[in-house]
Amino acid sequence: MRYLNSLLAAGAVAVTLGVTAPARAQWIVFDPNNYVQNVLTAARELQQINNQITSLQNEAQMLINQARNLASLPYSSLQQLQSSIQRTQQLLAQAQRIAYDVQQIDRAFSTSYAPATSNQASQVLITNAQSRWQNSYSATQDALRVQAGIVGNLDTNRIQTSALVTSSQGATGALQATQAGNQILALNAQQLADLTAAVAAQGRVQSLETAQRAAAQDQGREQLRRFLTPGQGYQSQDVRMFH
């Protein structure tokens with residue numbers, strides 16, 4: 001009983017002091033509900049920050065990929081390919097006598113390869129025969145030169161093909177891969193152009209040889225007719241010129 005009275009008295013004194021004396025310290029009150037709300041708010045803000053960081057990382061990676069896709073291929077074979085095509089074109093342009101020209105062909109077939117007529121002088125027939133032989137001879141030489149030039153391009157094509165395949169495999173983006181593919185297609189086109197030139201040159205030889213045989217047969221008949229006609233004989237060397 002004495003102990004209880006002492007506690008009550010002490011409590012009364014404390015209340016009195018708390019009311020009458022200025023407070024020197026504040027009481028800290030813990031609110032669990034408010035604490036939980038603060039934690040949830042902080043967690044949501046942190047998640048938003050993480051989402052923003054992830055979005056920025058994705059955008060940065062997208063920009064890096066775009067930069068790679070727009071990067072140009074550091075290797076180019078176009079100059080070498082153009083040089084090869086020009087060499088082949090120059091060889092074709094150097095065709096002797098009857099070139100790859102429609103007007104020249106028409107003139108030749110209206111003169112040297114024209115059917116023989118009875119009013120043509122023997123010397124004209126002999127000259128035409130010599131011209132046809134020279135045309136065939138020159139065409140054969142031209143075809144061999146074109147073929148030699150194309151063979152000379154093979155080593156260049158091999159080097160370019162290897163370099164382009166390596167560049168294509170090491171491409172870092174879509175643009176580089178596309179450019180490498182385009183250059184490979186250009187190389188294929190150049191090789192096709194060389195093949196076309198070889199076929200054209202060889203076809204020229206065969207066509208002129210065929211035309212020469214046809215004209216020789218026609219003029220041979222005219223030569224035989226004149227040989228059998230009194231007063232229009234040939235010397236033996238003249239006869240050989242038509243064969």
Subject >> salt bridge (Lys or Arg N to Asp or Glu O under 4.0 Å) pairs, two or more places apart, involving residues 136-165 >> reply: D142-R204, D155-R158
**OP:** With sequence neighbours excluded, give me every ring pair (Phe, Tyr, Trp, His ring centres under 6.0 Å) pair touching residues 78-110.
**Re:** F109-Y113
Original post:
Which heavy atom in G149 sits nearest to a heavy atom in L91, and how many Å separate them?
Top reply: CA-CD1, 3.7 Å
Subject >> pair Q134-Q130: side-chain heavy atoms closer than 4.5 Å >> reply: no
Original post:
Given side chains that start at C-beta, do those of Q120 and T117 come closer than 4.5 Å, heavy atoms only?
Top reply: yes
Original post:
Quick one: side-chain hydrogen bond (donor to acceptor under 3.5 Å, both in side chains) partners of Q191, sequence neighbours excluded?
Top reply: none
Original post:
When hydrophobic residues are tied together by side-chain contacts of less than 4.5 Å, even through go-betweens, does V205 share a cluster with L208?
Top reply: no
**OP:** Under 4.5 Å between side-chain heavy atoms, chaining through other members, with only Ile, Leu, Val, Met, Phe, Trp and Tyr counted: pull out the rest of the cluster around I53, sorted by chain and number.
**Re:** I49
Original post:
Do you know which two heavy atoms are closest between I105 and A99, and how far apart they sit?
Top reply: CG1-O, 4.0 Å
Subject >> Shortest non-hydrogen contact from I150 toward A198 >> reply: CD1-CB, 3.6 Å
**OP:** Rounded to the nearest 0.5 Å, what's the gap from OG on S77 to CD1 on I184? Could you check?
**Re:** 8.5 Å
Original post:
What distance do L46 atom CG and T41 atom OG1 have between them, rounded to the nearest 0.5 Å?
Top reply: 12.5 Å
Subject >> side-chain hydrogen bond (donor to acceptor under 3.5 Å, both in side chains) partners for S131, two or more places apart >> reply: R97, S112
Original post:
Quick one: ring pair (Phe, Tyr, Trp, His ring centres under 6.0 Å) pairs with a partner in residues 146-173, sequence neighbours left out?
Top reply: none
Subject >> Minimum heavy-atom distance between N153 and D194, given as atom pair plus value >> reply: ND2-OD2, 3.1 Å
Subject >> Separation between CG of N182 and CG of L164, rounded to the nearest 0.5 Å >> reply: 10.5 Å
**OP:** Report the distance from atom CZ of R87 to atom OG1 of T156, rounding to the nearest 0.5 Å.
**Re:** 5.5 Å
Original post:
Between Q219 and N128, does a side-chain contact (heavy atoms from CB on, under 4.5 Å) hold up when you go through it step by step?
Top reply: CA-CA 10 Å; Q219 294 190 11; N128 287 342; 4.0 Å; yes
**OP:** Please identify each residue that fulfils side-chain hydrogen bond (donor to acceptor under 3.5 Å, both in side chains) with Q80, with sequence neighbours left out.
**Re:** none
**OP:** Could you go through the side-chain contact (heavy atoms from CB on, under 4.5 Å) check for Q190 and L187 one step at a time?
**Re:** CA-CA 5 Å; Q190 182 266 322; L187 175 60; 3.8 Å; yes
**OP:** Would you give the length of the straight line joining atom CG of N188 to atom CG of L195, rounded to the nearest 0.5 angstrom?
**Re:** 12.0 Å
Original post:
What residues join W133 in its hydrophobic cluster, counting side-chain heavy atom gaps under 4.5 Å, either direct or through other members?
Top reply: Y137
Original post:
So, T229 and R226: side-chain donor and acceptor under 3.5 Å apart, yes or no?
Top reply: no
Subject >> Results of side chain to side chain contact (heavy atoms under 4.5 Å, CB included) for N33 - residues two or more places apart only >> reply: D31
Subject >> Where at least one partner belongs to residues 98-125, residue pairs that pass salt bridge (Lys or Arg N to Asp or Glu O under 4.0 Å), sequence neighbours excluded >> reply: none
Original post:
With Y75, which of Q160, Q183, Q176 fulfils side-chain hydrogen bond (donor to acceptor under 3.5 Å, both in side chains)?
Top reply: Q160
Original post:
Is there a donor-acceptor contact under 3.5 Å from the side chain of S55 to the main chain of N51?
Top reply: no
**OP:** Just jot down the side-chain hydrogen bond (donor to acceptor under 3.5 Å, both in side chains) partners of Q103, sequence neighbours excluded, or say none.
**Re:** none
Original post:
Hey, are S83 and Q79 close enough side-chain-wise for a donor-acceptor pair under 3.5 Å?
Top reply: no
Subject >> Residue pairs involving residues 169-183 (criterion salt bridge (Lys or Arg N to Asp or Glu O under 4.0 Å); sequence neighbours excluded) >> reply: none
Subject >> E222 side, atom CD; Q217 side, atom CD - distance, nearest 0.5 Å >> reply: 15.0 Å
